[in-house]
Structure formats: C-alpha cells, structure tokens
Amino acid sequence: QVQLVESGGGLVQPGGSLKLSCTASGVIFRLRRMYWYRQAPGKEREGVSCISSSDGSTYYRDSVKGRFTISRDNVMNTVYLQMNSLKPEDTAVYYCATDPWVCASDYDVSESYRSASGAWGQGTLVTVSS
C-alpha cells in the first residue's frame with residue numbers, strides 16, 4: 001500500500017510564507033513523479049506543481065510561478081512545497097500525490113486535474129487571510 005502524509009499548513013497573512021511537506025511510504029519514492037494539488041472551498045481540484053522522477057525537473061501552474069518552489073528528498077521520501085508571497089486566492093486544502101499524471105511541462109500541471117489514478121494524501125489546509 002501507498003501512504004502519503006501532508007503537513008505544514010496553517011494560517012498566514014497575505015505576503016507571508018509557508019512550507020508544506022509530504023512523506024511517502026509503501027512506494028519506491030525515487031521512481032515516482034510527485035505532484036502537489038490544491039482545492040479551494042467550492043472549487044475544483046487543480047494541479048499546483050510537479051517534480052519528475054528522472055532528473056528532478058520542476059513545473060508549475062502559471063499562478064504560482066516565481067512564488068512556489070517544489071523540491072524532493074529521495075532519502076527522506078519527502079516532497080516539499082515552499083510557498084512565498086502568499087495571496088488570499090492561494091487558500092485551499094493542499095494534497096500531494098504519486099504518479100497521478102505525466103510531469104514534463106507546465107502544461108502537464110495545468111492538465112493534471114484529469115487524473116483518476118495515483119495515491120493521494122489526506123491534505124493540509126492553508127489559509128491566507130488578514
């Protein structure tokens with residue numbers, strides 16, 4: 001079985017920063033593409049960022065480029081999402097997932113909402129509000 005556990009969410013003011021973590025078990029982590037998704041209240045799920053399994057290439061949806069950074073530690077089986085310059089529209093439950101979609105371009109991230117596969121975590125809530 002695959003288990004993913006997200007952590008690091010919380011309440012932050014606009015312009016603030018937060019770093020999310022997702023630790024995986026039951027999977028050969030280094031061979032998996034890793035994604036971060038988010039779902040805002042009353043909205044559809046959307047891909048935020050992904051990091052490839054082969055060379056660690058990273059991709060982002062347009063709205064977070066320059067503000068968010070995805071990274072991975074294959075020894076700790078953990079993927080991170082560093083979020084800077086947070087905006088109220090970033091408020092959402094953030095989820096990580098293993099191999100839900102291809103990760104080879106920013107476009108792939110924008111299309112990754114189509115995924116009907118992969119393992120998913122329970123989510124961590126990020127609230128950006130003054």
Side-chain angles (χ1 to χ4, degrees):
Q1 79 246 17
V2 180
Q3 295 186 34
L4 303 172
V5 180
E6 301 97 334
S7 63
L11 175 64
V12 64
Q13 294 187 200
S17 296
L18 210 56
K19 188 172 185 177
L20 307 182
S21 299
C22 170
T23 299
S25 61
V27 60
I28 305 176
F29 185 80
R30 64 181 176 86
L31 300 181
R32 300 301 183 96
R33 297 176 291 269
M34 296 300 298
Y35 260 81
W36 283 99
Y37 287 80
R38 66 187 182 187
Q39 187 166 26
K43 303 295 176 56
E44 295 181 351
R45 181 185 68 188
E46 63 182 20
V48 177
S49 181
C50 70
I51 184 166
S52 70
S53 60
S54 55
D55 61 1
S57 297
T58 59
Y59 304 98
Y60 304 88
R61 70 180 303 107
D62 288 346
S63 61
V64 308
K65 286 181 180 177
R67 300 189 298 120
F68 290 11
T69 303
I70 189 172
S71 61
R72 67 191 297 160
D73 185 333
N74 288 339
V75 174
M76 299 300 295
N77 286 2
T78 300
V79 61
Y80 304 94
L81 187 67
Q82 177 66 52
M83 305 184 293
N84 299 325
S85 301
L86 283 162
K87 305 174 181 180
E89 50 263 46
D90 295 318
T91 295
V93 176
Y94 283 71
Y95 301 89
C96 66
T98 60
D99 278 332
W101 200 252
V102 63
C103 177
S105 67
D106 293 342
Y107 179 76
D108 289 339
V109 174
S110 70
E111 291 293 305
S112 66
Y113 71 92
R114 300 176 180 270
S115 175
S117 63
W120 299 77
Q122 83 291 340
T124 185
L125 176 63
V126 172
T127 303
V128 184
S129 177
S130 59

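If you read the sequence from its start, that first residue is 1, and numbering goes on from there. Everything numeric in this text was worked out from a predicted model, so none of it was measured.
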**Item:** Non-hydrogen side-chain atoms of Leu81 and Tyr94 separated by less than 4.5 Å
**Value:** yes

**Message:** Check this for me: does any side-chain nitrogen of one of Lys65 and Asp62 sit under 4.0 Å from a carboxylate oxygen of the other?
**Reply:** yes

**Request:** Starting from the C-alpha separation in whole Å, work towards a yes-or-no answer on side chain to side chain contact (heavy atoms under 4.5 Å, CB included) for Arg67 and Met83.
**Result:** CA-CA 6 Å; Arg67 300 189 298 120; Met83 305 184 293; over 6 Å; no

**Asked** Can you tell me how far OG of Ser49 sits from CD1 of Ile51, rounded to the nearest 0.5 angstrom?
**Response** 7.5 Å

**Prompt:** Met34 and Val64: same hydrophobic cluster, using ILVMFWY side-chain contacts below 4.5 Å?
**Reply:** yes

**Message:** Between Trp101 and Phe29, is there shared hydrophobic-cluster membership here, with clusters defined by ILVMFWY side-chain heavy atoms closer than 4.5 Å?
**Reply:** no

**Prompt:** Is Trp36 reachable from Leu86 through a run of I, L, V, M, F, W or Y residues, each pair having side-chain heavy atoms under 4.5 Å apart?
**Reply:** yes

**Complete:** Rounded to the nearest 0.5 angstrom, the CG-OG distance for Asn77 and Ser25 is 8.0 Å

**Complete:** side-chain hydrogen bond (donor to acceptor under 3.5 Å, both in side chains) pairs touching residues 111-122, sequence neighbours excluded, are Glu6-Gln122, Tyr37-Ser112, Glu111-Arg114

**Request:** Please step through side chain to side chain contact (heavy atoms under 4.5 Å, CB included) for the pair Arg45 and Tyr95, ending with a clear verdict.
**Result:** CA-CA 10 Å; Arg45 181 185 68 188; Tyr95 301 89; 5.6 Å; no

**Message:** Restricting to side-chain hydrogen bond (donor to acceptor under 3.5 Å, both in side chains), what partner residues turn up for Ser21, sequence neighbours left out?
**Reply:** none

**Request:** Indicate yes or no: at least one non-hydrogen side-chain atom of Tyr60 is less than 4.5 angstrom from one of Thr69.
**Result:** yes

**Request:** Check whether more than 12 heavy atoms from other residues, nucleotides or ligands sit under 6.0 Å from atom CG of Leu31, and answer yes or no.
**Result:** yes

**Request:** May I ask whether Val48 and Tyr80 are part of the same hydrophobic cluster, defined by side-chain heavy atoms of I, L, V, M, F, W, Y residues being less than 4.5 angstrom apart, directly or through others?
**Result:** no

